[in-house]
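Only one structure is covered here, and it is reproduced in the block below.
Just so it is clear, the model here is predicted, and its values are computed rather than measured. The sequence lines fix the lettering, A, B, ..., with proteins before strands; numbering per chain opens at 1.
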Amino acid sequence: MKRTRVRFAPSPTGPLHMGGVRTALYNYLYAKKNGGDFTIRIEDTDSHRFVPGAEEYIIKSLRWCGIIPDEGVDENGKVVSTPSAKHPHAPYRQSERRSIYRKYADQLVEAGWAYYAFDSAEELEKCRAAAESAGQTFIYNSGTRGALRNSLTLPADEVATLLETTTDWTVRFKMPEGRVVEMDDLIRGHVSVDTSTLDDKVLWKRADELPTYHLANIVDDHLMEITEVIRGEEWLPSLPLHYLLYEAFGWERPRFAHLPLLLKPVGNGKLSKRDGDKMGFPVFPLNWQNSEGETYHGYREDGYFPEAFVNLLAMLGWNPGTEQELFSMDELIDAFSIDKVSKSGAKFNPDKAKWYNREYLRMKSSEELAQLFIPVLEAHGISGADPAYVLKVVELIRERATFVEDFWTIAPYLFIAPSEYAAYGVSMVPKPDPSKPIDPRAKVYDESLTAPFVAKDSEKFWSAEIYAMALEASRQGEAMEDYIRAKEWPIGKVMNLIRLGLTGSASGLGVLQIAALIGPEEVERRMKYIAERLA
RNA sequence: GCUGGGUUCGUAUAACGGUUAGUACUCAAGAUUCUCAAUCUUGCAAUAUGGGUUCGAUUCCCGUACCCAGUACCA
């Protein structure tokens, strides 16, 4: 039995988005499930589209997710360029493997599976334009190659000269005529394609002496002893070519699995990097800044736990057939099975993503969450917070939080006094009730506190009354509820007013809980402040 | 256009010829409460469509519609 070996082969043309991470994850799960190796190979055969920093970003992203390669371009942050016991197949970057591919391209030409093509890009462009104006599509294949400039049509000596003297020729695959390629896909089952619909793909380019994806991919997968190729659905159309390439080389081919695409949450089409910022969710694992200085949001920076991100990604297009939804990486490895991967594209649901994060947040201990919360507090200018106090806050808020950041956004007033009051809250302060006139001179409450209201106008009597009750009640500390009930005051109204004073907001945590946390002196201070502000 | 792939509640999916078509997210209502969340309970909501095959089709076959991908000297 051959050892299972899979690879994740990204192209460093930009940041890896969540669809790419999912592809890597499924490869990783498959490898680990089968006790095999997960390798990373960088497919940088397109010299024009190389983006600095992209490769590093990809490796860092996968590491954040806990997807650690057994073998590959980078381990522990350093470049692996020369073969070693641990890295027998190095280098893992195709640009560093340049010298390998030429001989395979030539081998195919010698065997009659490929030929040299001398058509310039402009000539081909002309062919395409001509076909298009005739309402057809130009295909470089058995139907057209006889009329084009290549080693099949040109005399041998001219071919030899061109090979020597020009530098823009290519090696093209000679797509056989009239064959039906029968293929098997681990996810889709049997697929067949007629070769007459396929074209003579470029395999190798003299201009930069680099192979194209197709050649490099097959050669490297073979050399690296890959047993299963698990990749995105966009590769399904080139599967016949890849099958034929294995046949041409006489190599045993790996098994293939084409994963469904990740689709945008609303509307049609696949998830693109713009969708996230438009719809308010990240599409990248980590923040990414492009060359124009624009930053794209990352799951990490938006507060997602890597375990939650991995979990939600795993469940997009795969499911174990049970009702379990929460999986650790080890559980995923244990449950993973490629034939449970669905065939259709999965629309990403940001709400569900948040749900996953909340579930993971709830699984963490309050101590751990408090630890994570400290830096958030510091970022908001709260330094040197008492760890015991922070822990109490976390315990009070944890059930309502989705992200660690929420510990701050839900109740900043547990750390700083409110300076503004929500308009809605202020509007809820009771208005005068004509049917229930209050005697402004009643001496039930502290006159110094009710005075501002009484002095202004009778319209505010009722408000003043409530303020006075709230102030009085707030002085009772944690006993305020009993006090209010004993006095038979309208508990909801009084409590809401105290909450407004304490938090600046019309809704939120329990008043008693807030009072207990911030302490009686702070309660008094805040209540006096609101009395002055709203007078 | 052509070639290939896909199609179960709004979303992710379960049901590998026989179920009142299940679950989760979202949404709605109720309970609870000093408010808001959380929580609990209940509810709304799906087999794209037309033909076959079969005693019986979500499930198998064919057509149609729609969606997606590919159609580069990009991956």
Side-chain angles (χ1 to χ4, degrees), chain A residues 9-13 43-46 48-49 94 117 119-121 124-125 128 132 135-140 168-172 185 187-188 191-194 196-199 201-208 210-214 216-217 231-240 258 260-261 263 265-266 268-270 312 315-326 339-340 342-356 358 362 397-401 410 425 428 480-481 484-485 490-500 503 505-512:
Chain A
S11 178
T13 52
E43 311 229 321
D44 53 350
T45 53
D46 183 356
H48 307 294
R49 292 207 307 157
Q94 288 180 334
D119 318 279
S120 67
L124 292 175
E125 205 43 60
R128 283 192 196 95
E132 197 175 329
Q136 289 166 336
T137 308
F138 171 75
I139 305 183
Y140 202 130
D168 64 346
W169 51 269
T170 61
V171 174
R172 277 182 185 269
D185 183 278
I187 293 166
R188 280 148 221 286
V191 179
S192 67
V193 172
D194 191 315
S196 65
T197 66
L198 272 18
D199 64 343
K201 277 273 180 288
V202 169
L203 299 177
W204 194 84
K205 305 157 281 177
R206 174 66 232 291
D208 54 10
L210 242 23
T212 61
Y213 171 83
H214 306 287
N217 194 265
R231 74 229 300 196
E233 187 183 336
E234 67 271 23
W235 292 110
L236 197 52
S238 31
L239 187 57
H258 291 87
L261 262 20
L263 275 17
V266 296
N268 297 322
K270 64 175 176 182
L312 74 90
M315 301 306 283
L316 239 32
W318 170 84
N319 121 329
T322 66
E323 279 173 6
Q324 184 179 351
E325 292 196 88
L326 266 12
D339 53 76
K340 286 275 187 188
S342 62
K343 296 180 177 73
S344 48
K347 277 195 178 188
F348 171 64
N349 181 346
D351 282 328
K352 190 78 186 220
K354 285 183 184 154
W355 176 81
Y356 275 106
R358 190 158 68 234
R362 288 178 180 183
I397 303 182
R398 54 174 300 146
E399 287 306 314
R400 23 202 341 147
I410 287 173
M428 292 304 281
M480 70 173 79
E481 183 171 357
I484 296 167
R485 289 194 195 284
I491 189 158
K493 289 184 171 122
V494 173
M495 284 295 203
N496 276 148
L497 224 167
I498 299 175
R499 177 180 294 103
L500 187 66
T503 72
S505 164
S507 63
L509 267 25
V511 169
L512 265 22

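On the C1' atoms, B:U23 is 25 Å away from B:A37, given to the nearest whole Å. Rounded to whole Å, the C1' atom of B:G1 lies 40 Å from the corresponding atom of B:U26. For B:U11 and B:A45, the P atoms lie 16 Å apart once the distance is rounded to whole Å. Taking atom C1' in both B:G18 and B:U58, the straight-line distance is 12 Å, to the nearest Å. Rounded to the nearest Å, the gap between the C1' atom of B:C9 and that of B:U20 is 16 Å. Nucleotides B:C67 and B:U49 place their C1' atoms 15 Å apart, quoted to the nearest Å. When the P atom is compared between B:G43 and B:A12, the two are found 24 Å apart, to the nearest whole Å. As rounded to the nearest Å, B:C61 and B:A29 have C1' atoms that lie 46 Å from one another.
Remark: B:G43 base-pairs with B:C27; criterion is Watson-Crick or G-U wobble with both hydrogen-bond distances under 3.5 Å. With a 3.5 Å ceiling on both atom-pair distances, B:U33 lacks any Watson-Crick or G-U wobble partner. B:C2 and B:G70 make up a base pair, with Watson-Crick or G-U wobble contacts both under 3.5 Å. In this structure, B:G63 and B:U49 make a Watson-Crick or G-U wobble pair, each of the two defining distances being under 3.5 angstrom. Summarising the base pairing, B:G22 is matched to B:U13 through a Watson-Crick or G-U wobble pair whose two defining distances lie under 3.5 Å.
The residue A:T212 sits close only to the backbone: its heavy atoms come under 4.0 Å of sugar-phosphate atoms, none of a base. A:S507 comes within 4.0 angstrom of a nucleotide base, judged by non-hydrogen atoms across all strands. If you check every strand for non-hydrogen atoms under 4.0 Å, A:D194 touches nothing. Across all strands, A:D119 comes closer than 4.0 Å to base atoms (heavy-atom distances). As judged by a 4.0 angstrom heavy-atom cut-off over every strand, A:R231 is placed among residues making no nucleic acid contact. Residue contacts shown for A:K354 are absent, as no nucleic acid heavy atom lies under 4.0 Å away. If you check every strand for non-hydrogen atoms under 4.0 Å, A:G510 touches a base. Within 4.0 Å (heavy atoms only), A:T197 reaches sugar-phosphate atoms of the nucleic acid but no base atom. Residue contacts for A:T503: at a heavy-atom cut-off of 4.0 Å it reaches no nucleic acid atom on any strand shown. Heavy atoms of A:R499 sit under 4.0 angstrom from at least one base atom. Using a 4.0 Å heavy-atom criterion, one finds that A:W235 contacts the bases of the nucleic acid, with or without backbone contacts as well. If you check every strand for non-hydrogen atoms under 4.0 Å, A:G492 touches sugar and phosphate atoms only. Residue contacts for A:I139: at a heavy-atom cut-off of 4.0 Å it reaches no nucleic acid atom on any strand shown. Looking at heavy-atom distances under 4.0 Å, A:R485 makes contact with sugar-phosphate atoms alone, never a base.
At least one donor-acceptor pair closer than 3.5 Å links the side chain of A:R362 to the backbone N or O of A:E399. Side chain of A:D199 to main chain of A:I139: no donor-acceptor pair is present (N/O by atom type, distance under 3.5 Å, no hydrogens or angles).
Inspection of the A:R231 and A:H258 side chains reveals an N or O donor paired with an N or O acceptor under 3.5 Å. Side-chain atoms of A:D119 and A:Y140 include a donor-acceptor pair closer than 3.5 Å.
Taking side-chain N and O atoms only, A:R362 has a distance below 4.0 Å to OP1 or OP2 of B:U39. For the pair A:R172 and B:C73, the criterion of a side-chain N or O lying under 4.0 Å from OP1 or OP2 is met.
For A:R400 against B:A38, no side-chain N or O and base N or O form a donor-acceptor pair under 3.5 Å.
Smallest separation of non-hydrogen atoms from A:T212 and A:K205: CG2-CE, 4.1 Å.
Two residues, A:T322 and A:M495, neighbour RNA chain B, and the one matched to the more 5' nucleotide by heavy-atom proximity is A:T322. RNA chain B is contacted by both A:K347 and A:L198; A:L198 maps to the nucleotide lying nearer its 5′ end (nearest heavy atom per residue).
A:D46 has its side chain out of reach of A:T13: every pair of non-hydrogen atoms, C-beta onward, lies at least 4.5 Å apart.
A parallel orientation is assigned to the rings of A:Y213 and A:W235, their planes being inclined by less than 30° (bins at 30° and 60°).
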